[in-house]
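Down below is the structure, laid out as C-alpha cells.
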Amino acid sequence: MDQPINPVQQVDFAFYVIFGISIVLLFGITLVALFMVYRYHHERHPVASKLKDNVWLEIIWVLLPSLLVISMFYYGWIGFKALRSVPDGAMEVQVVGRMFSWSFEYPDGKRSKVLYVPVGTPIRLNITSDDVIHSLYIPAFRIKMDAVPGMETYAWFDPRTLGSYDILCSEYCGIKHANMLSTVEVVSREDYEKWLKSESKAQQTAVVLFENYGCTGCHSLDGSRGSGPSLLNLFGTKQVVVEPDGNEKTIVVDKKYLREAIYEPNKSITKGYPAVMPSYKGEVSEDDLALMIGWMTGEIEKKPDGKVLLEDNGCLSCHSTDGSIIEAPTLKGIWGKRLLLQQGGVSIRKKMDRAVLEQILRNPETVRDGSWKVMMPAYDTLTPDEITAIAEYLKTLTADENRKKSDKQ
C-alpha cells in the first residue's frame with residue numbers, strides 16, 4: 001500500500017519554495033538597486049542618459065515574474081491537493097464550530113470538546129458551523145479551513161507523534177473569539193480505546209454536556225456575564241424577553257421555557273442579548289436535555305468545573321494547557337512544581353498547591369512568578385469550592401503530562 005501524501009510536508013515545502021523565492025528576490029533587487037546607485041551616481045553620471053527600448057529586457061521582465069508566480073501557485077496547489085486527498089480508511093470526525101467553542105463528534109455518536117485521536121491513524125475532519133463563519137486552525141498539522149454555516153468541507157491529517165496540539169479559530173467570530181480554544185490529543189490506540197469507554201459515563205454529566213454542545217461558549221456556569229445569560233441560578237428568575245413581533249413581556253424561567261430556549265431559541269430572546277443561538281432540536285437528545293435542565297433547576301447537584309471556570313474567567317487567553325507559551329506560564333505540569341515567587345520584595349520558592357494557587361488568584365501582585373510581567377487581575381470573587389475545582393483540574397493536566405513522559409520512556 002502506498003504511503004499517503006503527508007499534507008504537513010507538502011505545505012511546508014510550498015512555504016520553503018515561496019520563502020526561498022522571496023529571499024532571492026530581496027537580495028537580487030537590493031543588489032540591483034545598489035548597483036544603480038553606484039553606476040548612475042550624479043558625480044559619475046551628471047547628465048541623464050536616454051535609454052532606448054530593449055526587447056530582451058522586456059521579455060525577461062514579463063517571463064520571469066510569470067514563471068515565479070506560476071511556480072508558487074503550483075507548489076501551493078500541491079499542498080492544497082495533499083490536504084484534500086484523504087486516504088482510504090481514514091477515521092471520520094464531525095467538527096462543528098459555534099460561538100464560541102468547537103464540538104467533535106465521533107463515529108459512535110460520542111461528543112467531545114477536545115479532539116482525541118489515535119496515533120498513526122489518518123483522520124478526516126468534516127467541518128461546518130452552526131451560526132457564523134469560523135475557521136478551524138491546527139498549526140501543528142497545517143490545517144486552516146473555514147467552517148461555514150450550511151456548508152460542509154473537509155481536511156485530513158496523519159497524527160504520527162504522541163502529544164497535545166493547539167486548536168484555534170482564525171476567523172473573528174464575536175466578542176469571545178479569542179477563547180475559542182481546544183486541543184488535539186494524540187494518544188496511543190490503547191489509550192484511545194480506554195478513553196472511548198471511560199468517557200461513556202462522564203459524558204452524561206450535565207457540565208460536560210454544556211461544554212460538548214458549546215453552551216459554555218456564550219453562557220457561563222458561574223454567574224459571570226457572557227454573550228448570553230449565565231445558566232447559574234437562572235431557573236425561577238424573572239426575565240424580560242422579546243418576541244419575534246418585537247413585543248416585550250416578563251416571564252418566569254421554568255422548565256418549559258428552558259426546553260423552549262434550547263429547541264426554539266428564537267421564539268423569545270432575553271432582552272439585551274443578540275439572537276444568535278442556533279436551534280438544538282434534533283441535536284440534543286431528550287436524555288441529555290433532561291440532565292441539562294436538571295442542572296439548571298437544581299435537581300442535579302451543581303459542582304464547579306475547573307476547566308469551565310478557567311475558560312469563563314478568560315484564564316486560557318494567557319495560560320495555555322498544552323505546554324506552549326502565550327503571555328503567561330503554561331498550566332500544563334504546573335501542579336506540584338516549585339515556583340520562584342516574589343513575595344513582599346523577597347524571592348522564595350514555593351510548591352504549587354491549593355494554598356499557593358489561592359494566593360495567586362486572590363492577590364497576584366503580591367505573590368507572582370518573578371520572570372513574568374504582572375497583567376493578571378485579582379480573582380477575589382471565586383469561592384473556595386471554585387478554587388478547589390480549579391486545583392483539581394490543574395492536577396489532571398500534570399497527571400496527563402507525567403503519563404505521557406512515562407509512555408515515551
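The analysis underlying the following values was restricted to heavy atoms, covering all of them including side chains, and did not include hydrogens, waters or symmetry mates. One is the number of the first residue; the rest follow in order along the sequence.
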Over 12 foreign heavy atoms within 6.0 Å of OH, Tyr75: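 Check fails, neighbour count at 12 or below.
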Tyr273, OH: over 12 other non-hydrogen atoms inside 6.0 angstrom: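 Yes, the 6.0 Å shell around OH holds more than 12 heavy atoms from other groups.
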Given side chains that start at C-beta, do those of [X] and [Y] come closer than 4.5 Å, heavy atoms only?
X	Y	result
Leu115	Leu125	yes
Met91	Pro118	yes
Thr128	Gln94	yes
Val356	Lys351	no
Ile133	Pro149	yes
Ile269	Val241	no
Asp287	Leu291	no
Val95	Asn126	no

Would you check if the side chain of [X] reaches a backbone N or O of [Y] as a donor-acceptor pair within less than 3.5 Å?
X	Y	value
Thr398	Trp335	yes
Thr250	Val240	no
Ser182	Lys113	yes
Ser279	Tyr263	yes
His134	Cys169	no
His319	Pro329	yes
Tyr154	Arg124	no
Ser220	Ser230	no
Ser129	Val148	no
Thr153	Ile127	no

Between [X] and [Y], does any side-chain donor sit less than 3.5 Å from a side-chain acceptor?
X	Y	value
Asp191	Tyr116	no
Gln239	Thr237	yes
Thr183	Asp322	no
Asp166	Ser324	yes
Thr388	Arg354	yes
Arg160	Thr121	no

Short N-O contact, [X] and [Y], less than 4.0 angstrom:
X	Y	answer
Arg98	Glu283	yes
Glu264	Lys281	no
Glu286	Arg259	yes
Glu190	Lys194	yes

Distance, nearest 0.5 Å, that separates CG of Leu64 from CD1 of Ile59: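 One finds 13.0 Å between CG of Leu64 and CD1 of Ile59.
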Nearest-0.5 Å distance, NE2 of residue His219 to CZ of residue Phe210: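 Output value for this atom pair is 9.5 Å.
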Ring geometry between Trp77 and Phe80 (parallel below 30°, tilted from 30 to 60°, perpendicular above 60°):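 If you compare the ring of Phe80 with that of Trp77, the planes turn out tilted.
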If I compare all heavy atoms of [X] with all of [Y], which pair ends up nearest, and what's the gap?
X	Y	answer
Val284	Met292	CG1-SD, 4.0 Å
Ile387	Leu357	O-CD2, 3.9 Å
Ser71	Ile21	OG-CD1, 3.7 Å
Trp295	Leu231	CZ3-O, 3.8 Å
Arg362	Thr383	NH2-C, 4.2 Å
Asp158	Gly120	OD1-C, 4.0 Å

Stepwise side-chain contact (heavy atoms from CB on, under 4.5 Å) check, Val184 with Val117: CA-CA 7 Å; Val184 180; Val117 296; 3.9 Å; yes
Aromatic centroids of Trp195 and Tyr106 separated by under 6.0 Å: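 Centroid distance Tyr106-Trp195: below 6.0 Å, so yes.
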Distance flag, aromatic centroids of Trp156 and Phe141, threshold under 6.0 Å: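 Ring centroids of Phe141 and Trp156 are no less than 6.0 Å from each other.
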Pair Tyr213-Asp288, side-chain hydrogen bond (donor to acceptor under 3.5 Å, both in side chains): steps then yes or no: CA-CA 10 Å; Tyr213 284 118; Asp288 288 351; 2.7 Å; yes
Cation-pi geometry met for Arg142 and Phe157 (6.0 Å, 45°):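 No.
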Verdict with reasoning, Ser268 to Glu243, per side-chain hydrogen bond (donor to acceptor under 3.5 Å, both in side chains): CA-CA 5 Å; Ser268 55; Glu243 298 181 321; over 6 Å; no
Derivation of the side-chain contact (heavy atoms from CB on, under 4.5 Å) call for Tyr192 and Glu185: CA-CA 10 Å; Tyr192 176 72; Glu185 299 294 335; over 6 Å; no
